Participant: 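Structure in structure tokens, see below.
No experiment lies behind these values; they were computed from the predicted model shown.
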Amino acid sequence: QVRLVESGGGLVQAGDSLRLSCAASGRTFSNYAMGWFRQAPGKEREFVATIGRLGITTYYADSVKGRFTISRDNAKNTVYLQMNSLKPEDTAVYYCARAEVLKATIQDADYNYWGQGTQVTVSS
């Protein structure tokens with residue numbers, strides 16, 4: 001069983017930065033793509049960023065491109081989401097997920113393990 005634990009969320013002001021971390025259990029972390037998704041109140045969960053198993057290929061939602069950076073450290077079984085220039089519309093619960101494929105993927109149907117989420121609140 002894979003367990004994903006997110007951390008690093010919090011309350012910040014517009015323009016600030018946060019770095020989310022997601023620690024994964026298990027010895028197969030480096031075999032799979034990882035992703036970040038978010039869900040704002042009253043809205044459906046949406047894709048934020050994904051990274052392939054080697055950390056070379058990444059994709060981003062248009063809404064975060066140029067502001068967010070996804071990275072991974074396979075030696076530490078951890079994936080990160082660096083979030084800069086935060087906006088109030090970035091307020092959401094952020095979820096880390098592990099895909100069942102090795103290539104970066106934006107399809108949430110490709111992800112079979114999910115963390116419990118971490119709250120990010122950006123005040124104006």
Participant: Same hydrophobic cluster for L20 and V2, using side-chain heavy-atom links shorter than 4.5 Å among ILVMFWY?
Facilitator: yes
Participant: Can you see which heavy atom on N31 is nearest to which on L102, and at what distance?
Facilitator: O-CB, 3.5 Å
Participant: Ion pair present between K65 and D62, side-chain N to carboxylate O less than 4.0 angstrom?
Facilitator: yes
Participant: Can you give me the closest heavy-atom contact between A14 and S124, atom names plus distance?
Facilitator: CB-CA, 4.4 Å
Participant: side-chain contact (heavy atoms from CB on, under 4.5 Å) for R38 and S63? Distances and angles first, verdict last.
Facilitator: CA-CA 12 Å; R38 67 186 182 187; S63 59; 3.4 Å; yes
Participant: Minimum heavy-atom separation for G9 to V120, with atom names?
Facilitator: CA-CG2, 4.1 Å
Participant: Can you name the nearest heavy-atom pair linking V5 to R3, along with the distance?
Facilitator: CG2-CZ, 3.8 Å
Participant: Once you round to the nearest 0.5 Å, how far does OG1 of T118 lie from CG of L18?
Facilitator: 8.5 Å
Participant: Evaluate R53 against S30 for side-chain contact (heavy atoms from CB on, under 4.5 Å), listing each step before the verdict.
Facilitator: CA-CA 5 Å; R53 72 180 186 95; S30 61; 5.5 Å; no
Participant: Quick one: does NZ or CZ of R98 land under 6.0 Å from the six-membered ring centre of Y32, within 45 degrees of the ring axis?
Facilitator: yes
Participant: Is the backbone N or O of V12 less than 3.5 Å from a side-chain atom of S123, with the two atoms forming a donor-acceptor pair by type?
Facilitator: yes
Participant: Under 3.5 Å, side chain of Q82 to main-chain N/O of T69, donor-acceptor pair present?
Facilitator: no
Participant: Of Y59, W36, Y111, which meets side chain to side chain donor-acceptor pair (under 3.5 Å) against T50?
Facilitator: Y111
Participant: What are the two closest heavy atoms between F68 and V48, and how far apart are they?
Facilitator: CD2-CG1, 3.8 Å
Participant: Could you please spell out the steps behind the side-chain contact (heavy atoms from CB on, under 4.5 Å) verdict for M83 and V64?
Facilitator: CA-CA 8 Å; M83 305 186 295; V64 306; over 6 Å; no
Participant: Nearest 0.5 Å, please: how far is CG in L4 from OH in Y95?
Facilitator: 13.0 Å
Participant: For Y60, is the NZ or CZ atom of R67 found under 6.0 angstrom from the centre of its six-membered ring and inside 45 degrees of the ring axis?
Facilitator: no
Participant: Taking atom OG of S21 and atom CZ of R72, what is their separation to the nearest 0.5 Å?
Facilitator: 14.0 Å
Participant: Please check if the distance between the ring centroids of F37 and W114 is under 6.0 Å.
Facilitator: yes
Participant: Quick one: pull up CG in L86 and OG1 in T121 and give me the separation to the nearest 0.5 Å.
Facilitator: 10.5 Å
Participant: For side-chain contact (heavy atoms from CB on, under 4.5 Å), just list the numbers for F29 and N74, CA-CA rounded to whole Å, side-chain angles, deciding distance to a tenth of an Å, and then say yes or no.
Facilitator: CA-CA 7 Å; F29 176 80; N74 287 340; 3.1 Å; yes
Participant: Quick check: does any side chain N or O of E6 sit under 3.5 Å from a backbone N or O of Q116, one acting as donor and the other as acceptor?
Facilitator: yes
Participant: For the backbone of I51 and the side chain of T58, can you confirm whether one donor and one acceptor N or O come within less than 3.5 Å of each other?
Facilitator: no
Participant: How long is the gap from CE on M34 to CD1 on I70, to the nearest 0.5 Å?
Facilitator: 8.0 Å
Participant: Would you give the length of the straight line joining atom NZ of K103 to atom CD1 of I56, rounded to the nearest 0.5 angstrom?
Facilitator: 12.0 Å
Participant: Keeping N77 on the side-chain end and G26 on the backbone end, is there a donor-acceptor pair under 3.5 Å?
Facilitator: yes
